[in-house]
There are 2 protein chains.
Amino acid sequence: MSVGSVRSNSGKRTEPKEKRRLQLIQATIRSIARHGLSDTTVSTVSTAAGLSQGIINLHFQSKEKLLLETLAYIVDEYKILWEKALKEAGDSSAERLAALLQVDFHPRVCDRNKLSVWFAFWAESKSRPTYRKLCAGRDKEYDAVIFELCKNIISEGKYSGIDAELAARGLSALTEGLWLDMLVNPRNMSRDYARKVSMAYLFHLFPRHYPELNKE
Amino acid sequence: MSVGSVRSNSGKRTEPKEKRRLQLIQATIRSIARHGLSDTTVSTVSTAAGLSQGIINLHFQSKEKLLLETLAYIVDEYKILWEKALKEAGDSSAERLAALLQVDFHPRVCDRNKLSVWFAFWAESKSRPTYRKLCAGRDKEYDAVIFELCKNIISEGKYSGIDAELAARGLSALTEGLWLDMLVNPRNMSRDYARKVSMAYLFHLFPRHYPELNKE
DNA sequence: ATAATGAATGAACAATCATTCATTTACTAT
DNA sequence: ATAGTAAATGAATGATTGTTCATTCATTAT
């Protein structure tokens with residue numbers, strides 16, 4: 001993924017390899033969003049990129065590999081974003097958990113084109129183990145972090161009657177469900193409202209840790 | 001959908017029209033679950049049904065119409081299930097809301113093959129208005145009912161600091177997210193556990209209405 | 001039994017798809 | 001400038017797809 005010492009020569013007919021690959025991946029995202037995965041063909045992608053038919057087999061060996069790298073690109077971007085958020089967040093578990101949710105509703109993550117890609121691959125993950133494995137990496141780490149944070153908050157706040165795992169699983173499922181609503185029915189679910197729904201859940205779980213949420 | 005006065009002649013080579021159509025719809029569900037929507041062809045469906053190639057264009061005019069009717073079938077089944085649950089439920093809003101969640105995690109709804117179909121069409125709904133419209137009907141009614149129930153429970157229980165719409169949207173998003181987890185990672189999310197996550201959410205929202213949930 | 005009906009078949013067809021590769025084009029080094 | 005290298009093209013290819021339809025077959029009515 002390193003761009004390295006690539007000279008800036010945008011618009012030229014021949015671009016450096018990594019730049020073309022990225023361009024094609026982004027064109028793939030747009031094509032999946034516009035036509036759906038079923039109707040995404042080599043032709044729709046290369047047209048979206050403004051390039052020729054053969055370009056895909058030149059830079060990726062096959063259409064299937066392009067699709068896999070497109071999924072990997074989105075998974076990677078998401079992971080980088082929330083790892084960065086964790087680094088920059090404060091020390092308290094409550095802050096760190098809130099920071100994670102900020103990422104989940106960040107414009108770069110909630111972009112409707114990218115959501116199309118997430119759900120396109122999730123939908124086919126049952127029949128394609130390769131897709132599932134790529135996504136499973138994300139889930140495992142992410143869920144573990146959220147679980148730890150919930151556990152800390154519960155013991156810090158001496159909350160009784162809250163199971164950390166139930167709360168954590170609920171939180172991550174809630175996020176996924178809100179993503180789906182934003183994808184399918186964007187008029188009824190904006191990014192900002194989704195964030196509010198998610199924060200309301202946090203407030204009801206841990207009222208003493210998120211008192212300010214009650215006033216929004 | 002009325003089977004009417006159809007004589008039972010299972011196994012015969014020529015079945016009544018409605019029976020064949022249902023058989024093909026169920027084969028389509030299995031095919032989408034097994035191969036994904038992208039790789040579901042007329043051939044995979046007819047093979048899954050144990051019938052010949054031409055059968056699909058005979059009973060449905062095209063593959064596209066078969067897919068639409070398959071989605072409509074699942075949407076319909078779900079609607080019938082939760083309308084029936086509402087009729088049979090008690091009068092209190094708390095009971096009625098719990099009854100709805102029971103349906104959401106009913107084996108007939110959470111069947112992994114059917115979840116594959118839901119998500120396959122949701123994933124493509126952005127590019128196919130026809131799919132979105134079919135699903136939108138479900139969402140609108142369902143969300144309205146959940147919202148009303150939440151509103152009633154809030155006023156009954158004099159809960160302060162809970163916005164009914166935030167709670168309702170959260171509840172329906174949570175369900176969808178749990179469905180996704182059951183589809184993508186069934187080992188980590190069973191039907192029973194999903195139900196528990198969802199009930200825990202209810203308990204934290206309305207603790208005085210669902211005291212028993214805290215002991216499970 | 002026989003004829004009539006229509007459901008089911010599957011080979012054939014046209015369209016669409018991913019992939020290949022000989023050719024063209026652009027950039028770099030000398 | 002020129003040769004050499006790499007990138008990009010797009011027509012051609014073979015495989016796959018949805019659809020059609022003449023034929024076969026099972027059931028029903030006479």
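Remember, it's a predicted structure, so these values are computed and weren't measured experimentally.
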Point to revise | Where protein sits on nucleotides 13-19 of chain C, one letter per nucleotide: B base, S sugar-phosphate only, - none, heavy atoms under 4.0 Å | key: ----SSB
Check your understanding: Between A/Tyr142 and A/Trp82, how do the two ring planes meet: parallel, tilted or perpendicular, split at 30° and 60°?
Key ->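 The arrangement is perpendicular - the two ring planes meet at more than 60°.
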Review point. Using the ring of each side chain (for Trp, its six-membered ring), is B/Phe119 parallel, tilted or perpendicular to B/Trp122, with breaks at 30° and 60°?
Key: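 Rings of B/Phe119 and B/Trp122: perpendicular, over 60°.
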Practice item. Answer yes or no: does a side-chain N or O of A/His59 lie under 4.0 Å from OP1 or OP2 of D/dA7? Key: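 Indeed not, no polar side-chain atom of A/His59 lies that close.
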Review point. Are any of A/Arg20's side-chain N or O atoms less than 4.0 Å away from OP1 or OP2 of D/dA8?
Key: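 For D/dA8, OP1/OP2 do have a side-chain N/O of A/Arg20 under 4.0 Å.
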Grab the [atom1]-[atom2] distance between [X] and [N] for me, whole Å please.
| X | N | atom1 | atom2 | answer |
| --- | --- | --- | --- | --- |
| B/Phe60 | D/dT19 | CZ | P | 13 Å |
| A/Glu18 | D/dA7 | CD | C1' | 15 Å |
| A/Leu51 | D/dG10 | CG | P | 10 Å |
| A/Arg21 | D/dA7 | CZ | P | 12 Å |
| A/Lys19 | D/dA6 | NZ | C1' | 17 Å |
| A/Leu58 | D/dG10 | CG | P | 14 Å |
| B/Leu67 | D/dG18 | CG | C1' | 12 Å |
| B/Ile55 | C/dG6 | CD1 | P | 16 Å |

Exercise for review: For A/Lys84, enumerate each residue passing the side chain to side chain donor-acceptor pair (under 3.5 Å) test, keeping only those at least two apart in sequence or located in another chain.
Suggested key: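 Scan of A/Lys84 (side chain to side chain donor-acceptor pair (under 3.5 Å), adjacent residues dropped) gives none.
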Point to revise | For A/Thr44, side chain to side chain donor-acceptor pair (under 3.5 Å) partners two or more places apart | key: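 With neighbours one apart ignored, the set is A/Ser31.
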**Study point:** All side chain to side chain contact (heavy atoms under 4.5 Å, CB included) counterparts of B/Ala48, not counting sequence neighbours
**Key:**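 By the side chain to side chain contact (heavy atoms under 4.5 Å, CB included) rule, B/Ala48 matches B/Ala27, B/Arg30.
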Exercise for review: Just jot down the side chain to side chain contact (heavy atoms under 4.5 Å, CB included) partners of A/Thr28, sequence neighbours excluded, or say none.
Suggested key: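 Per chain and number, A/Thr28 pairs via side chain to side chain contact (heavy atoms under 4.5 Å, CB included) with A/Ile32, A/Val45, A/Leu66, A/Leu67, A/Thr70.
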Review point. Can you name the residues that form a salt bridge (Lys or Arg N to Asp or Glu O under 4.0 Å) with A/Asp192, not counting sequence neighbours?
Key: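 Applying salt bridge (Lys or Arg N to Asp or Glu O under 4.0 Å) to A/Asp192 gives A/Arg195, A/Lys196.
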Review point. Partners of A/Glu77 by salt bridge (Lys or Arg N to Asp or Glu O under 4.0 Å), sequence neighbours excluded?
Key: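 For A/Glu77, the residues satisfying salt bridge (Lys or Arg N to Asp or Glu O under 4.0 Å) (neighbours in sequence not counted) are A/Arg108, A/Lys114.
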Review point. Across the strands shown, which category fits A/Lys17 at heavy-atom distances under 4.0 angstrom: base, sugar-phosphate, nothing?
Key: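 Counting heavy atoms under 4.0 Å across all strands, the contact made by A/Lys17 is with sugar-phosphate only.
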Practice item. Just report the end-to-end axis angle for the helix from C/dA1-D/dT30 to C/dT30-D/dA1, five pairs per end, to 10 degrees. Key: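 Rounded value for the end-axis angle: 10°.
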Review point. Between C/dA8, D/dT9, C/dT9, which one does the side chain of A/Ser52 approach most closely?
Key: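 Of C/dA8, D/dT9, C/dT9, D/dT9 is nearest to the side chain of A/Ser52.
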Practice item. Write out all pairs satisfying side chain to side chain donor-acceptor pair (under 3.5 Å) with one or both partners inside residues 170-181 of chain B, taking only residues at least two apart or from two chains. Key: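 Qualifying pairs: B/Arg138-B/Glu176.
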